[in-house]
Each structure stands twice: as C-alpha cells, then as structure tokens.
K.L.:
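Mind having a look at this structure? Questions to follow.
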Number of protein chains: 2
Amino acid sequence: MRATIKDIAKISGVSTATVSRVLNELGGYRPEVATKVLAVAKELGYRRNDSAVSLVKQATRTIGIVMPTVATSFYAQIINGIEDRAYQAGYSVILTHAGVNNVRLQESLNFMVERRVEGIIGVSINLAQIDLQAIAALAVPLLLLSAQAPGNRLPYVKVDDYAAAYAATTDLIDHGHRTIALVGVDPADSVAGRPRIAGYTAALQAAGLRLDRNLIFPGDYTFEAGQRAMTTILATPELRPTAVFAVSDETALGVIAVCYQAGLRIPQDLSVLGYDNSAIASMVSPALSTVAQPFYEMGQLAADKLITGLQTNQPIQSQIVPFKLIHRGTVSSL
Amino acid sequence: MRATIKDIAKISGVSTATVSRVLNELGGYRPEVATKVLAVAKELGYRRNDSAVSLVKQATRTIGIVMPTVATSFYAQIINGIEDRAYQAGYSVILTHAGVNNVRLQESLNFMVERRVEGIIGVSINLAQIDLQAIAALAVPLLLLSAQAPGNRLPYVKVDDYAAAYAATTDLIDHGHRTIALVGVDPADSVAGRPRIAGYTAALQAAGLRLDRNLIFPGDYTFEAGQRAMTTILATPELRPTAVFAVSDETALGVIAVCYQAGLRIPQDLSVLGYDNSAIASMVSPALSTVAQPFYEMGQLAADKLITGLQTNQPIQSQIVPFKLIHRGTVSSL
DNA sequence: TTGAAAGCGGTACCAT
DNA sequence: ATGGTACCGCTTTCAA
C-alpha cells in the first residue's frame, strides 16, 4: 500500500497536521521538522492522493474534454493546446468521446460530472435544443470549441464561418474566377454548414455573380465528399467551374484526387481552396491554399477562458478567433 | 452544492447505507424503498462523487496516457483506440504531455500517481535508463505503445520495425530498384531508428546489393527532414537513388515536395515509400505507398492489455503487432 | 431489510 | 510551532 501522511507522521514523530503543512509549504514549523518530514516522505515514496484532496477541498482541478469519435487530424492540435494551458494552470485534463452523432454524449457528460470536473470543453459538438436542458442540469460550465449551441445559449470559441467563407470566395473571385463550386458542405449543419453557404452566396452576390445552386455540393466535410462532388462535376460538362472552394482540407484533397486521376492539373486546370489549414495542407504537393483555423491557439484560448471563468466565477464570454487565408499552390489566377 | 447521499437519505427517510445499496443495486431492500430513493435521487439531480468512491474503494478506474507534445497526426487515432476500449471497460482516461524530449516526463508521471491512475500507457515515449528507476518507484503498471524501454524492462505494444524496414526495402528491390535511399531516420533512436536502419541494411545485403552509407539520411521523422534529404540528393548527382524509403509519411511528403518543386514526377522519376499509413497517406495525390501501422487497433490493444493486467493482476506481455505494406501510387517498377 | 458507525487520505480550524 | 480532530462523500461491516 502506498504511504500516507499518517505513515509519515508516525515515523517523523509529528502530527498529520504538521506533515500536511510541510508538504504544502504552509509555514508554521521549524526548518528541522520540515527537513525530517520531507526526508521521510521521500524515503517512503509518498505521493499525495488527489481523491482525498479533491474530496476535502471540494475542487478537483480537472477539466474535461468531450469530442466526437471521428478522428480528424486537427483534434490532436486542439488537445495539445488545451492540455498545455491546463497544465500551466495546474489543471489536469480528462477526455471522453461523445461517439458518432453524439450517441454517447449524455454518458460522457455524466462521466464528467461524477469525476467532478470543474468545467468542460466540448469540441465540435453540435448540440440540439434538448441537450441544452440536460447540460444546464449538469451545473458545470461548458465551453464550446468550434461549435455553437442553438440560440447561443452556451459560450463558444470559434472562427466566424460566414466571414471566412465570404473572404475565401471573394479571394477566388479576385483571382478572376467566375464559376466557383462550393463542395462538401452540410446544409443541415447550422454552425459550420449554413454560415459557409451564406458567406459563399453573399460574396458571389457582392461581386455581381450569378448563384448557381447546382454548384453547391452537399457533403460531410470528408475526403469522400470531395471525391463524389468532383466526380459529379467532371460528369456534368455544363457546370465547368474554374475553382472549387472545399469546406475542409480533407474535402479539398478528395477533389484533387479525382482531378489527378482524370489528368487535370492543379491549379492550372482547376483552382482548389481548402478550409482548416490542418497539418497536411502544407505537406501535400502542390501545397494546399486554405482558410486557416488556429487550432492549437483555439485549444489554448478555450482552456484559458474556461479556467479563468472557474477562478473568477465570471460567466465566460464567447470569442470569435481570426481565420487567415493562406495562399499556397492550389489557387491560380485566371 | 451538489446533492449527496445524505440528502437523499434524509429526504427519503432511510439511512445512507440503504441509499448506497439502492444506488448500486446491491439488493437487500424493499422495492418501494428503492423506488422512493431513486425518485429522490433523480429529483435532486444526484451524481455520485467519484473522488469519494475512489478514496474508499482504493480504486480510481482511471488510466493515464502520456505522450510527447509534438502532435503528429496519428496520435488522434491512438487516443481514439485507447479511449474506446477504456470506455467499454468502464475506465476513464486522463491525458498529459511529457513535453518535447520528455522534459515534463517526471512531472507527468507524478501527476498520474497523484491522480492514482491504475495504469499508464506511454505513447512514443523513449525512456532512458534513468527513467526506468523512477518508473519502478512509481509502482504503477506502465505499458509502452510504439516505444520500447532499454533492455525491454517494460511491456510494449509496437510493430517490429526491423521486420517492417526489411520488408519495405525488399519490396522496393522487388520492384527493380537497386539504389535506395533511407531518409529521415534517427540513428540515435534505438527503438525506431536503429532497427529500421538494420532492416534496410539487411534487406540490401540479402539481395546482394552494396550498402552505400551516403544513402542513409539522418533525420527526425519530420516533413523537413524529408525536404533536407531530398535537397541533398538532388545536389549530389553521384548518388542518384531510384527509390526513397522514408521513415514516416510526413518525411515522405517532404521528399515528394522537393521533387515536385524540382519537376521530378512521382513515381516515374523516383519511387517513394512512406511509413505509418497515417490518414494523409491515402489522401494525397498520388496516394502514398507506405508501411501501415494499425494505430487505432494498437490503441485498443494497449488499453485492453493494460486493463486486463489490472484486473487479473498478471504481468502484461509485450506484443508485436503486424505491419502491412500498402501499395498505392508512389512506387513504380523499374 | 435496515441503520450505525468506522474508516478511506487528506485539510484546516481551534487549542495549546 | 504543533497537535487534536471534525469533516469531505461514500462503502461496507456488524448488529439489530
């Protein structure tokens, strides 16, 4: 069995109270007592039991991350950002998956509550109206990352998808493109889907371009969605877009893969713009032009905000983080 | 304040012992008592306090993951695998980063012990001799994933890098290549570096090919390492390999990126073989031929083994998991 | 079938 | 400067 402060107290010939003081450097003891206690503690390989501390202090210094099961590559960056900041603040991080389509969401959240996490970061979790009540009942602060709740009832950290899509589309237009496809977007997704469609549409209109609904290809942000859309494009000569705005880097790569098979050159024959700036974007050839989301920083910011909120007991303010257009090799001027 | 079993007991008019029995379905109470208790619990939004349970049960049902800070894309898959299995077994997962070059390793491990995790999975953690003693002192089972300890003093789950490198090199030879570069490998890395060099060397010798040490390009598995090596190759005409075996997919992409810049076509002008089969490998064009490591399954297996070890109290057996050569578009026959 | 009570490993208040 | 001790929320033994 692992040593406890009782063991240390007994061996050092002091009380547990004094041991506790020494271990926590609270002062109020003679140096030689401290030396002795510390030596015994080390000798015994003592490690404090956080369960006991949490219990008595009514604080676990733990935050929870809940994310979908799907492993898109950028989650690692987000987790890194969260963990780094949490670590700096002396918090630990516990992780659960909400499953595909949130099937495990309730369980995940219960798990978190039983673990008495002090706050939760929900990454890419799309909440329904009904979830909101359950979450309120949890009585644990929940911050959304790259997501948004119905009616913005929960604080969030995300980029402005509308603005990003608007800027991306405008950039393509500035490059001389007049027929631009929007690929892989989920129109049922009110947080990342509809705003991007709206931004795309608005940019087109602002430039006086005609909106062709056939150029909007629904999908689910995956590589396969890009493949499907591009296959359709190739099979539909009357469409002939000169540029594709894909709603994720993976989708963009799906588009490019089909082009590659068909012998189309990127960007000479078709411009492709991605979204995310995930690690892969800079590693492919030609390197992918894309809308950057600062995932690592978003993770950091989310952890920061949550922990600050915990410590100050102030409500957490939502924050829009800046996107950035990254010009690399897949968009060319017409 | 959150409701406790005391609150439930008081309101239900029974003792905390009975509440505990009901909540844990231990039997030994009248159904109507159970109904009442459950109703009150629900009413109060009761959630059990795992700190208290852990404390009294001397078991946290938590496992820890320690990994390097660098966020290579496949960590997400590994974490997914671990978390899925842990979840199935009723364990939760807590996560820390050991920092770059393990600078935070000791702290991470202490953290884990204070959290009283029942076991730890160390992902890609290269341990030095000295760490071993500290880890032994921890008195917590530690399983290595994609790593190995000096003298194999710790159980591990990984692929056989020697065999994989041997098979990969042989495959290149079978495709008619006679001059094959090995790129991005760290000769100081005894777990993933030296075995791959050895496998590469052995395959060459088995085929009766001459080993040219200049064709081994040291590196650190990164994209940049691939770029550097390929730049050198292009600048050194007497080398002229017809194939490159990169020690990671990212390194392979670095190689390809330089080729792309230089106007070399893959695989017509140079064959490139990667290592990992990370998600990107199948998304790039041409799709990357590579040595597959089953990351998700490795995560599952590691969690399985660790938890089984915990429950049976048996020592954990190391396991070599199978790699697989994935032929896609970046290797051609000569 | 039920309750009283003794801890689990700490913290922190109140005395001394 | 130090010790005694109640208590955090829960489980579990023992008795009734």
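In what follows, chains are A, B, ... by sequence order, proteins preceding strands, each numbered from 1.
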K.L.:
Roughly, in whole Å, what's the span from CG in B:Asn49 to P in D:dG9?
P.N.:
7 Å

K.L.:
The side chain of A:Ile5 lies closest to which of these nucleotides: C:dC8, C:dT11, D:dC8?
P.N.:
C:dT11

K.L.:
Between P on C:dT2 and NZ on B:Lys36, what's the gap in Å once rounded to a whole number?
P.N.:
14 Å

K.L.:
Remember a base hit wins even if backbone is also touched, and classify A:Arg48 as base, sugar-phosphate or nothing at under 4.0 Å, heavy atoms.
P.N.:
sugar-phosphate

K.L.:
Rounded to whole Å, how long is the line connecting atom CZ of A:Arg116 with atom P of D:dG9?
P.N.:
9 Å

K.L.:
Of the nucleotides C:dA4, C:dT11, C:dG7, which has the atom closest to the A:Val53 side chain?
P.N.:
C:dT11

K.L.:
Send over the distance from B:Lys57 NZ to D:dT11 P, rounded to a whole Å.
P.N.:
6 Å

K.L.:
Taking all non-hydrogen atoms of both residues into account, name the closest pair between B:Gly299 and B:Ile82 and its distance.
P.N.:
O-CG1, 3.4 Å

K.L.:
With heavy-atom distances below 4.5 Å as the criterion, would you say the side chains of A:Arg2 and B:Val113 are in contact?
P.N.:
yes

K.L.:
Ignoring backbone atoms, test whether A:Gln58 places a side-chain nitrogen or oxygen under 4.0 Å from the OP1 or OP2 oxygen of D:dG9.
P.N.:
yes

K.L.:
Establish, yes or no, whether the cationic atom of A:Arg115 lies under 6.0 Å from the six-membered ring centre of A:Phe111 and within 45° of the ring axis.
P.N.:
yes

K.L.:
Check every atom of C:dA5, C:dG10, D:dG9 against the side chain of B:Ala17 and return the nucleotide holding the closest atom.
P.N.:
C:dA5

K.L.:
Test for a donor-acceptor pair under 3.5 Å between the base of C:dG9 and the side chain of A:Arg2, counting only N and O atoms.
P.N.:
no

K.L.:
Quick check on D:dG3: is either OP1 or OP2 less than 4.0 Å from any side-chain nitrogen or oxygen of A:Thr18?
P.N.:
yes

K.L.:
Within the pair B:Asn24 and D:dT11, is there a side-chain N or O less than 4.0 Å away from OP1 or OP2?
P.N.:
yes

K.L.:
Looking for any heavy atom pair under 4.0 Å, which part of the strands does A:Thr16 touch: base, sugar-phosphate only, or nothing?
P.N.:
base

K.L.:
Run the salt-bridge test on B:Glu83 and A:Arg104 with the 4.0 Å N-O cut-off and return the result as yes or no.
P.N.:
yes

K.L.:
So which one's nearest nucleotide on DNA chain C is more toward 5', A:Ala3 or B:Gly13?
P.N.:
B:Gly13

K.L.:
Does a side-chain N or O of A:Ser20 approach OP1 or OP2 of C:dT11 to a distance below 4.0 Å, or not?
P.N.:
yes

K.L.:
Round to a whole Å and report the spacing from CG of A:Leu44 to P of C:dG10.
P.N.:
11 Å

K.L.:
Please find the pair of heavy atoms, one from B:Glu107 and one from A:Tyr87, that lie closest to each other, and give the distance.
P.N.:
OE2-OH, 2.6 Å

K.L.:
Can you figure out which of D:dC10, D:dA1, C:dT2 approaches the side chain of A:Arg30 most closely?
P.N.:
D:dA1

K.L.:
Counting only side-chain heavy atoms from C-beta out, which of D:dC10, C:dT11, C:dG10 sits nearest to A:Ala52?
P.N.:
C:dG10

K.L.:
Can you give me the closest heavy-atom contact between B:Ile120 and B:Val117, atom names plus distance?
P.N.:
CG1-CG2, 3.7 Å

K.L.:
Rounding to an integer number of Å, can you tell me how far A:Leu26 CG sits from D:dG3 C1'?
P.N.:
15 Å

K.L.:
CD of B:Glu25 versus C1' of D:dT12: gap in Å, rounded?
P.N.:
18 Å

K.L.:
A:Arg21 side chain: which of C:dC13, D:dA1, C:dA4 is closest?
P.N.:
C:dC13

K.L.:
Quick check for you: among D:dG9, C:dG3, D:dG4, whose closest atom lies nearest to any side-chain atom of B:Val14?
P.N.:
C:dG3

K.L.:
Closer to the 5' end of DNA chain C via nearest nucleotide, is it A:Leu55 or B:Val33?
P.N.:
B:Val33

K.L.:
Using a 4.0 Å heavy-atom cut-off, does A:Thr4 contact any base of the nucleic acid, only the sugar-phosphate backbone, or nothing at all?
P.N.:
sugar-phosphate

K.L.:
Could you tell me the separation between the CD atom of B:Glu114 and the P atom of C:dG9, rounded to a whole number of Å?
P.N.:
15 Å

